[in-house]
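To start, the structure itself, in structure tokens.
Side chains are part of it too, since the values below use all heavy atoms of this structure and drop only hydrogens, waters and symmetry mates.
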Amino acid sequence: MTVPATLPRTRQRLILAVLLLSSLLIWLDNTILATTLETLADPVRGLGANPAQLQWASGSYTLVFAALMFSAGALGDRYGHRSVLAAGLIVFATASIWAAYAGNPGQLITARAVMGVGSALIMPATMATVTWTFTGPARASAIGLFSTSAGVGLAAGPLLAGVLLDHFWWGSVFLVNVPVVAVALIGIAALVPNFRSPAPRPLDLPGLALSISGLTALAYGLIRAGQHAAWTPIEVWGPIAAGIALLAGFVIVELRSAQPSFDPRLLADRAFGGGNATLGLLFLAMTAAGFYGAFYLQGARGFSPLDAGLINSPAAVGVIIGGPLGIRLVRRWSLRAVSATALTVGALCMGSLALFGLHTPIVWNVIGAAIQGVSIGLVIGPVTSALMSTLPLDRAGAGSAVTNTVRQTGSVLGIALGGTIMAIAYRTGIGDALSALPEDARGPAGVSAEQARHVASTLNRPDLADAADHAFIHAMHVGAPWSLLFALTGAAVLAVTQRPRSARPAETGTRSAEPAEIS
């Protein structure tokens with residue numbers, strides 16, 4: 001068995017640039033939406049979306065993204081990763097235009113789900129192409145650069161969204177995806193070979209159905225808890241239980257499959273399984289903390305979208321610095337020493353939101369964002385690189401999809417849990433202020449701080465706006481320790497599972513694969 005012929009170094013670098021641009025698109029869109037949530041919740045400037053609708057606008061994208069990635073990896077192995085990547089970009093651009101002109105939250109949620117289809121096709125094909133294009137240390141460095149692209153997206157997204165929201169309507173934030181897709185498609189057509197596995201696997205339709213239905217039911221139950229402000233109604237625990245059962249069935253089906261698209265057996269390996277669990281918990285904590293942060297600066301503190309983007313930009317710069325730096329540090333020390341320590345520091349930064357209030361000097365936000373960004377970069381880059389290095393080339397598409405699916409599943413749960421905890425705690429905090437309102441105003445004011453501020457403006461009740469701000473701060477203080485706990489658990493898992501172990505003879509050889517087919 002041999003590896004594919006090495007491409008010229010110049011072409012490798014150009015291919016990497018195209019792939020980084022495709023990856024940048026996903027990160028750019030995620031951060032743009034986070035900055036736009038406050039506007040979308042506004043009944044005048046946006047769609048008047050309630051917290052549950054905002055959770056679904058974020059969650060529908062991530063849910064579809066997570067559930068389809070392992071099947072997308074199998075499609076790339078069969079039809080070529082370049083073909084799947086190009087198809088994903090086209091779907092993403094088309095759905096972005098749909099999202100930009102959505103007339104209500106339901107249309108936006110649907111468009112976001114279709115964007116998730118595009119992202120699910122893009123991500124595994126991108127990572128698989130990197131695996132085929134590069135070998136050895138060059139592959140680790142290339143994968144580490146994806147943390148840099150994530151940082152660029154994190155940095156550019158909020159700033160770009162802030163500029164657009166200050167000058168145009170909210171839908172303009174989705175239209176920026178279209179020119180990025182156009183440039184990426186030109187680069188793909190000109191540079192990227194159509195790598196594919198010489199032994200394509202069949203599509204896993206039962207696994208696909210079980211994973212989508214399971215994740216949907218689980219997210220639905222968690223979000224319904226926020227709407228009911230309780231965990232006991234059957235509409236809450238019933239879907240949660242059904243989702244867990246369906247996901248258990250999914251694992252069983254994959255274990256029994258001779259050629260699974262999502263191979264749970266890979267997770268049985270201590271290092272691979274522990275690294276994936278760490279990334280899943282990190283993304284859960286990040287998205288939960290990010291859901292609070294999106295409303296804290298613009299809603300409770302009154303900053304413009306552009307100002308909020310500038311305040312958060314040190315986090316993105318930190319990720320840009322931390323990703324490549326982490327790769328270098330791990331070569332000198334160990335993954336356990338570098339990334340577990342960094343994740344512990346990042347967890348403390350996420351938990352620090354519990355100390356922030358309506359009048360906290362904004363410089364503390366800037367400092368905390370910078371430290372958190374570097375910490376996250378020191379985790380995502382090295383851990384992803386370590387996981388990808390364990391994959392054989394002929395399983396590149398499906399194997400990388402395991403890692404990406406776990407990460408996105410963490411994001412789904414983070415959005416659902418973060419938004420639900422915030423909604424329940426907000427209702428507790430605003431309860432006393434609602435009793436003094438007219439009957440028809442109590443419902444909207446009890447839904448979210450954004451709706452309460454709108455009611456306060458209509459009724460000329462500044463005391464209600466003040467109560468809404470304090471209720472939101474209470475909700476953030478309740479939610480922040482949970483983000484801290486999830487991230488610290490990820491650090492503990494990483495420290496335990498990445499313990500040094502003696503290499504066995506079978507593990508010391510270099511993995512290889514059948515020659516790549518290029519068309």
Side-chain angles (χ1 to χ4, degrees), residues 4-32 65 69 72-73 75-77 79-96 115 117-157 160 176-197 319-320 323-324 327 380-381 384-385 388 393 396-397 400-401 403-404 516-519:
T6 303
L7 296 171
R9 181 166 298 182
T10 299
R11 188 176 180 187
Q12 285 183 333
R13 291 173 176 172
L14 291 173
I15 290 172
L16 181 60
V18 172
L19 298 177
L20 288 172
L21 182 63
S22 301
S23 174
L24 170 67
L25 186 71
I26 296 173
W27 290 101
L28 189 70
D29 181 75
N30 278 339
T31 53
I32 279 179
F65 191 178
M69 266 196 296
L75 286 173
D77 286 343
Y79 299 108
H81 296 293
R82 181 185 65 186
S83 299
V84 172
L85 176 58
L89 288 168
I90 293 170
V91 170
F92 194 91
T94 303
S96 296
M115 291 174 71
V117 175
S119 293
L121 296 173
I122 293 169
M123 184 61 76
T126 298
M127 297 306 295
T129 302
V130 169
T131 305
W132 282 104
T133 303
F134 298 92
T135 59
R139 181 188 298 169
S141 298
I143 293 171
L145 284 174
F146 276 86
S147 294
T148 303
S149 76
V152 173
L154 289 169
L160 184 57
V176 298
N177 296 329
V178 178
V180 178
V181 168
V183 174
L185 286 173
I186 293 171
I188 289 168
L191 297 167
V192 180
N194 203 21
F195 297 117
R196 58 187 171 213
S197 172
V319 174
I320 295 173
I327 298 294
I380 295 178
T384 302
S385 177
M388 291 295 293
L393 286 175
S400 62
T403 296
N404 285 300
E517 296 180 10
I518 303 177
S519 59

Query raised in the report: Between L85 and I188, does a side-chain contact (heavy atoms from CB on, under 4.5 Å) hold up when you go through it step by step?
Result: CA-CA 8 Å; L85 176 58; I188 289 168; 3.5 Å; yes
Report task. Return the set of residues passing side chain to side chain donor-acceptor pair (under 3.5 Å) with S22 (not counting sequence neighbours), or none when no residue passes. Result -> none
Requested in this report: Compare every heavy atom of F65 with every heavy atom of S119, then report the nearest pair and how far apart it is.
Outcome: O-CE2, 3.3 Å
Query - Shortest non-hydrogen contact between A93 and V178, atoms and distance - result: O-CG2, 4.2 Å
Query raised in the report: Distance from L21 atom CG to L16 atom CG, nearest 0.5 Å?
Result: 11.0 Å
Query raised in the report: Any side-chain heavy-atom pair from L160 and V176 closer than 4.5 angstrom?
Result: yes
Query raised in the report: Who pairs with T94 by side chain to side chain donor-acceptor pair (under 3.5 Å), at least two apart in sequence or on another chain?
Result: none
Query raised in the report: Roughly how far apart are R82 CZ and L191 CG, rounded to 0.5 Å?
Result: 10.5 Å
Query raised in the report: How far does CD1 of I32 sit from OG of S96, to the nearest 0.5 angstrom?
Result: 9.5 Å
Report task. Return the minimal non-hydrogen interatomic distance between A184 and L89, and the atom names on each side. Result -> CB-CD1, 3.9 Å
Query raised in the report: To the nearest 0.5 Å, what is the distance between CE (M115) and CD1 (I122)?
Result: 9.0 Å
Query raised in the report: With T129, which residues qualify under side chain to side chain donor-acceptor pair (under 3.5 Å), at least two apart?
Result: none
Report task. List the atom of P193, the atom of I15, and the distance in Å for their closest heavy-atom pair. Result -> CD-CD1, 3.7 Å
Query raised in the report: Quick one: does T126's side chain get under 4.5 Å of I26's, heavy atoms only?
Result: no
Report summary line: CG of L19 to CG of L14, rounded to nearest 0.5 Å, is 11.0 Å
